[in-house]
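Structure, as structure tokens:
We name chains A, B, ... by the order of the sequence lines, and we start the count at 1 in each one.
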2 protein chains.
Amino acid sequence: MALGIRERTLDSSRAAILEAAARCFHERGYAATSIDDVARALQSTKGRIYHHFESKADLFAEVFRAGMDMNYAALEPLRSMKAEAYQLWRRFAWVHVDQMITTRAFQRVVWMGVEMHLVGAPTPHQRALFEELFETRSRYGDIFRKLIAEGRETGHFHFPNLSVANQLMFMTLNSPIFWYSPRTGETRADVEDLIAQVVTCAWRGLGGTEGTTT
Amino acid sequence: MALGIRERTLDSSRAAILEAAARCFHERGYAATSIDDVARALQSTKGRIYHHFESKADLFAEVFRAGMDMNYAALEPLRSMKAEAYQLWRRFAWVHVDQMITTRAFQRVVWMGVEMHLVGAPTPHQRALFEELFETRSRYGDIFRKLIAEGRETGHFHFPNLSVANQLMFMTLNSPIFWYSPRTGETRADVEDLIAQVVTCAWRGLGGTEGTTT
DNA sequence: TTGACAACATACCCGGTAGTATGTTCATCA
DNA sequence: TGATGAACATACTACCGGGTATGTTGTCAA
């Protein structure tokens, strides 16, 4: 049986709201964004949003989740790869930075969510929701953390403190969400050049041996 | 003539407000911080704050200014130093990171101010005020930008794009405002060890020649 | 074709917050 | 010593924004 209009439009409508919400949160931040702002961005009204999402915090959480889902989905094709940790790191980092650039509104929300932590989540239900999302984010981070830890043991990376190195690495890899903005006439090659610079910077920061930049 | 109570208390009272405001903005962000929040942090009331500052935006701007003033003041002793650019960069970067850690509430506000840009500055007066502050911030950034540009010419740094390298460098140097949090029983030596790691990471990211880490 | 329900739009409520208007206290100085 | 004004506190207003209650319209299944 073919899908009815309802089944076809529901997901796309929800997705459109998430997209608009991501843009608004990205531009103005969580607190400064009103539900009416998001509705305006959709050329619509509050009713539509509250029909699909319980509250503002819930909407934010779902944008967060969507962003993390995108990241996991982007990494998935590489998860089965067999290679040295430091080589895997290059691949993973490249995909990660690509994500930061191409889905930056969502990724910015993920960042904001981690920053806000649990400030402004009054109900236990919301706290539990955010806890779960943070764990997801944490597990994602551990993928990279493990790689650089292993890379250090094999002598490909050199840094004194794992946690600090991990922080600094993610800071570099995530940084496009703050300063990247698409230029007019920008090609995919330009973007890939940018990604390469970011990855190389993070690689060097980890004390990656020069020349092994394949 | 000795200073009267008024002269002595005015500056300290203003400074106390700035300090409390910095902490509040740091913890909750601009939009989520109410003037009453700041007043509560001071064990005081709104009246006191509005007596010293025109508006919330003005208070925020003054915290921003105070943060930038601290940065300039910290760099001042080094401005007269004569040395190769890449060596100067090390010193400057060290002081900068130290600032990010020791005055991080103010520095976080500076960051937020740059991020928000001019969103939420309705009056022309406020727009002009922020324009001025952003220029101050921009000139501060140029100090480092010039150093790494010169360092690249002398062959001590290696990166393809100056603007990108500058962004990534500041991202690393500023990063403590996001993840640093004082540990119990932490000594100055611990902090300096941290600073060294951050500076080294940024140095490597710029393609600084290894071994020249004096 | 009709009842039910999803997918919205509209209208409304109410708590919180920026900003103001108005005390109140106390140091300073003529 | 009394007048003045700085440095606040208190009381109040106006508005905005999250959330809700209530229409309205179109779809689909029986």
Side-chain angles (χ1 to χ4, degrees), chain A residues 1-21 24-25 27-63 116 119-123 125-126 129-130, chain B residues 1-21 24-25 27-63 116 119-123 125-126 129-130:
Chain A
M1 174 189 141
L3 289 174
I5 283 188
R6 295 214 180 133
E7 284 76 5
R8 271 180 284 119
T9 51
L10 179 119
D11 279 358
S12 80
S13 179
R14 219 185 111 95
I17 295 174
L18 288 174
E19 190 96 27
C24 290
F25 288 142
E27 289 168 10
R28 289 177 269 250
Y30 177 72
T33 299
S34 74
I35 299 290
D36 289 306
D37 285 336
V38 180
R40 247 190 306 277
L42 284 165
Q43 314 238 66
S44 154
T45 65
K46 279 196 328 199
R48 180 171 169 195
I49 296 171
Y50 276 103
H51 178 72
H52 289 278
F53 301 92
E54 286 182 19
S55 65
K56 184 183 175 183
D58 182 57
L59 173 60
F60 182 83
E62 291 307 317
V63 175
M116 294 181 359
V119 181
T123 77
H125 166 260
Q126 285 174 1
L129 175 58
F130 275 94
Chain B
M1 174 190 139
L3 289 173
I5 283 188
R6 299 229 174 116
E7 284 78 5
R8 271 179 285 119
T9 52
L10 179 121
D11 279 358
S12 80
S13 178
R14 219 185 109 95
I17 295 174
L18 288 175
E19 190 96 27
C24 290
F25 288 142
E27 288 168 10
R28 289 177 268 244
Y30 176 73
T33 299
S34 73
I35 298 291
D36 287 306
D37 284 335
V38 180
R40 246 190 307 277
L42 284 165
Q43 315 236 68
S44 154
T45 65
K46 276 190 346 190
R48 180 171 168 194
I49 295 171
Y50 277 101
H51 178 72
H52 288 278
F53 301 92
E54 286 182 19
S55 66
K56 185 182 174 183
D58 183 57
L59 173 61
F60 183 83
E62 291 307 316
V63 176
M116 293 180 2
V119 181
T123 77
H125 166 260
Q126 284 174 1
L129 175 58
F130 274 94

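Residue Thr45(B) has no polar side-chain atom (N or O) positioned under 4.0 Å from OP1 or OP2 of dC8(D). OP1 and OP2 of dC8(D) both lie 4.0 Å or more from every side-chain N or O belonging to His51(B). Side-chain nitrogen and oxygen atoms of Ser44(A) include at least one within less than 4.0 Å of the OP1 or OP2 phosphate oxygen of dA9(C). Regarding contacts with the backbone of dA6(D), every side-chain N or O of His52(B) stays at 4.0 angstrom or more from both OP1 and OP2. The phosphate of dG16(C) (OP1 or OP2) has no side-chain N or O of Ser34(B) nearer than 4.0 angstrom.
For the atom pair Gln43(A) CD and Arg48(A) CZ, the distance stands at 10.5 Å (nearest 0.5 Å). A distance of 6.5 Å separates CG of Leu18(B) from CG of Leu59(B), quoted to the nearest 0.5 Å.
Using the six-membered ring where Trp is involved, Phe60(A) and Tyr30(A) have ring planes that are perpendicular, over 60° apart on the 30 and 60° scheme.
Between Lys46(B) atom NZ and dA18(C) atom P the separation is 7 Å, expressed in whole Å. When rounded to the nearest whole Å, the span between CZ of Phe53(B) and P of dT20(C) equals 16 Å. Put simply, OH on Tyr50(B) is 15 Å from C1' on dC8(D), counting in whole angstrom units. Rounded to whole Å, the distance from CZ on Arg40(B) to P on dA9(D) is 14 Å. Taking atom CG of residue Asp36(A) and atom C1' of nucleotide dA11(C), one finds them 13 Å apart after rounding to whole Å. As a whole-Å value, the separation of Asp58(A) CG from dG18(D) C1' is 14 Å. In this entry the distance linking CD1 of Ile17(B) with P of dA7(D) reads 10 Å, nearest Å. Summarising the geometry, the separation between CD1 on Ile49(A) and P on dG19(D) is reported as 12 Å, rounded to the nearest angstrom.
In terms of heavy atoms, Cys24(A) sits closest to Thr33(A) at O-OG1, 3.2 Å. The shortest heavy-atom contact between His52(A) and Arg14(A) is O-NH1, 3.9 Å.
Candidate nucleotides dC8(D), dG18(D), dA18(C) were compared by shortest atom distance to the side chain of Ile35(B), and dA18(C) ranks first.
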